[in-house]
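Values below: every heavy atom of this structure, side chains too, minus hydrogens, waters and symmetry copies. All figures in this text were calculated on a predicted structure; none of them were measured in a lab. Here is the naming used below: chain letters follow the sequence lines, and residue numbers restart at 1 for every chain.
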Number of protein chains: 2
Amino acid sequence: MQVLSKASINGLRALLYLAAQERREGYTGIREMADELDISFHFLTKILQELTQKGVLRSYRGPNGGVALARDPGTLYLEELVLMMEGDDFFDTCLLGLPGCGERKPCPVHAFWKETKAALKKEFQTTSLEELGQQIRVGKVRLAD
Amino acid sequence: MQVLSKASINGLRALLYLAAQERREGYTGIREMADELDISFHFLTKILQELTQKGVLRSYRGPNGGVALARDPGTLYLEELVLMMEGDDFFDTCLLGLPGCGERKPCPVHAFWKETKAALKKEFQTTSLEELGQQIRVGKVRLAD
DNA sequence: TTTATTAAAGACAAATGACTCTTAAAACGT
DNA sequence: ACGTTTTAAGAGTCATTTGTCTTTAATAAA
Ligand code: SF4
Ligand code: SF4
């Protein structure tokens, strides 16, 4: 069951890596993140470029350059990030791939799929990078391996 | 959010089409199903071949041939079918793609992803083709469009 | 026995997703 | 100015999924 694309997963992991940093000023090199998270440098670069273009990250070139969160991680909730990376219809899909979900006569699994989507959406709406970054800082969870 | 592959979706829809049939004896042509469900005949054929090999369907060639459910739809629960089509680890994946889910130190979203997976699994375990076929027969839900 | 009908099998092609590489541009230190 | 470090941009490659096509085999009916 793969819910997020590899690109989204790696983008999210990088954002969490940044949110978990102790120090807030300065930039974190993409090379360092790629090594630490075990992602290809070039692949991660491409993913982060898009996040920079979308205003979630700011970047800086040259020595000691890298990327940094462009906004307070307390205001960055998973929902916004996932919609940004996966598309705005992320929470509006049919389990059986039928078009017009929710509006028209439902598919046979509508009843519980609707619940599942709603629960997931709510969680994404109420979970911020700040919150998850904190959990990483105290060492309760992992981002790699 | 695409949880099931196209192949699984179309396989499931075909199984539901069969489970919704009034008459239980005889075979249903793949051509008919492909037309009705708006799936390419050849693509559907390939999908159903695998379901036949796995013992969920039986098939018959020649005039008035086709496929039919090989088992009582009351004993066919979604979980078994999905595991069959998507692989046995379907309900054991990490939202962030980390290996060793559940056993090792969790990822930051473990807490609610675990719940989501469990809820989904339970629904799949308790929903049979018979039950969904009935809903289709009474016209409450749709399989195509 | 011949012909029509249907699924089985497998080769093949197209589309998508997942990366990789090369070159350029920006910033810095000397 | 020059060389080094680092991201930006985009072309290019590889793998997987999705979808198509052709040929064969089984069955029935004429
Ligand atoms: S389950 Fe119902 S609402 Fe959900 S996608 Fe399928 S049709 Fe749409
Ligand atoms: S959330 Fe926790 S348990 Fe679920 S997959 Fe990620 S690591 Fe494994």
Side-chain angles (χ1 to χ4, degrees), chain A residues 1-15 17-18 26-70 85-87 90 93 96-97, chain B residues 1-15 17-18 25-70 85-87 89-90 93 96-97:
Chain A
M1 182 166 31
Q2 176 132 0
V3 170
L4 298 172
S5 68
K6 289 283 168 93
S8 297
I9 285 175
N10 288 326
L12 254 187
R13 291 209 296 141
L15 290 172
Y17 183 86
L18 292 171
Y27 294 89
T28 303
I30 298 180
R31 179 80 59 184
E32 172 193 329
M33 283 196 275
D35 288 349
E36 209 68 37
L37 299 176
D38 211 42
I39 307 170
S40 144
F41 168 71
H42 288 295
F43 190 28
L44 183 56
T45 291
K46 196 203 283 197
I47 295 166
L48 297 188
Q49 271 170 28
E50 291 183 15
L51 290 175
T52 301
Q53 283 162 1
K54 285 175 176 157
V56 173
L57 295 177
R58 57 200 154 82
S59 67
Y60 204 78
R61 298 197 240 203
N64 299 312
V67 297
L69 292 175
M85 296 188 288
E86 294 278 338
F90 185 75
T93 57
L96 292 188
Chain B
M1 179 165 35
Q2 175 133 2
V3 170
L4 298 172
S5 68
K6 291 280 167 94
S8 296
I9 285 175
N10 288 327
L12 254 188
R13 292 209 294 143
L15 289 172
Y17 184 87
L18 291 171
E25 77 280 359
Y27 295 88
T28 303
I30 298 180
R31 178 80 59 184
E32 171 192 331
M33 284 196 274
D35 288 349
E36 209 68 38
L37 300 177
D38 209 41
I39 306 171
S40 142
F41 168 72
H42 288 294
F43 190 30
L44 183 56
T45 291
K46 197 202 282 196
I47 295 167
L48 297 188
Q49 270 170 26
E50 290 181 16
L51 290 174
T52 301
Q53 283 163 1
K54 286 176 175 156
V56 173
L57 295 176
R58 58 202 154 79
S59 67
Y60 205 77
R61 297 196 240 202
N64 300 315
V67 296
L69 292 174
M85 296 189 287
E86 294 279 337
D89 63 345
F90 185 76
T93 58
L96 293 188

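Across all strands shown, B/Q53 has heavy atoms under 4.0 Å from sugar-phosphate atoms exclusively, and none from any base. The residue A/Y60 sits close only to the backbone: its heavy atoms come under 4.0 Å of sugar-phosphate atoms, none of a base. Residue B/G65 is classed as a sugar-phosphate contact, given heavy-atom separations below 4.0 Å to backbone atoms only.
A straight line from NZ of A/K6 to P of D/dT17 spans 11 Å, rounded to a whole angstrom. Atom P of nucleotide C/dT5 and atom CZ of B/F41 are separated by 13 Å, given to the nearest angstrom. The interatomic distance linking B/M85 (CE) with D/dT18 (P) rounds to 12 Å, in whole Å. Between the CG atom of A/L48 and the P atom of D/dT6 there is a distance of 15 Å, rounded to whole Å. When the P atom of C/dA9 is taken as reference, atom CD1 of B/I47 falls 16 Å away, rounded to whole Å. Between A/I30 atom CD1 and D/dT5 atom P there is a gap of 16 Å when expressed in whole angstrom units. Atom OH in A/Y27 sits about 13 Å away from atom C1' in C/dA26, given to the nearest Å. Across the protein-nucleic acid pair, A/R31 atom CZ and D/dA8 atom P stand 14 Å apart, rounded to whole Å.
With the nearest nucleotide of DNA chain D identified for both A/N64 and A/H42, A/N64 has the one nearer the 5' end.
Side-chain N/O atoms of A/S59 include one lying less than 4.0 angstrom from OP1 or OP2 on D/dA8. B/T45 has no side-chain polar atom (N or O) that falls below the 4.0 Å cut-off from OP1 or OP2 of C/dA7. In this structure, B/S5 does not reach the D/dT17 phosphate: none of its side-chain N or O atoms is under 4.0 Å from OP1 or OP2.
Between the base of D/dT7 and the side chain of A/R61 there is a donor-acceptor pair shorter than 3.5 Å. A donor-acceptor contact under 3.5 Å is not formed by the side chain of B/Q49 with the base of C/dA7.
Test A/T45, A/T28, A/I39, A/N10 against A/M33 for side-chain contact (heavy atoms from CB on, under 4.5 Å) and you get one pass: A/T28.
Listed nucleotides D/dT18, C/dC19, D/dA8 differ in distance to B/A7; the shortest reach to its side chain belongs to D/dT18. Considering only side-chain atoms of B/P63, the nucleotide from C/dA18, D/dA11, D/dT27 that sits closest is D/dT27. Residue A/K46 has its side chain nearest to D/dA11 when only D/dT18, D/dA11, C/dA18 are considered.
Atom CG of A/D35 is surrounded by more than 12 heavy atoms from other residues, nucleotides or ligands within 6.0 Å. Shown here is B/D38, whose CG atom has no more than 12 heavy atoms of other residues, nucleotides or ligands within 6.0 Å.
Proximity of A/F90 to A/M85: side-chain heavy atoms (C-beta onward) are nowhere separated by under 4.5 Å.
Remark: the A/E86 side chain and the A/S5 side chain contain an N/O donor-acceptor pair separated by less than 3.5 Å.
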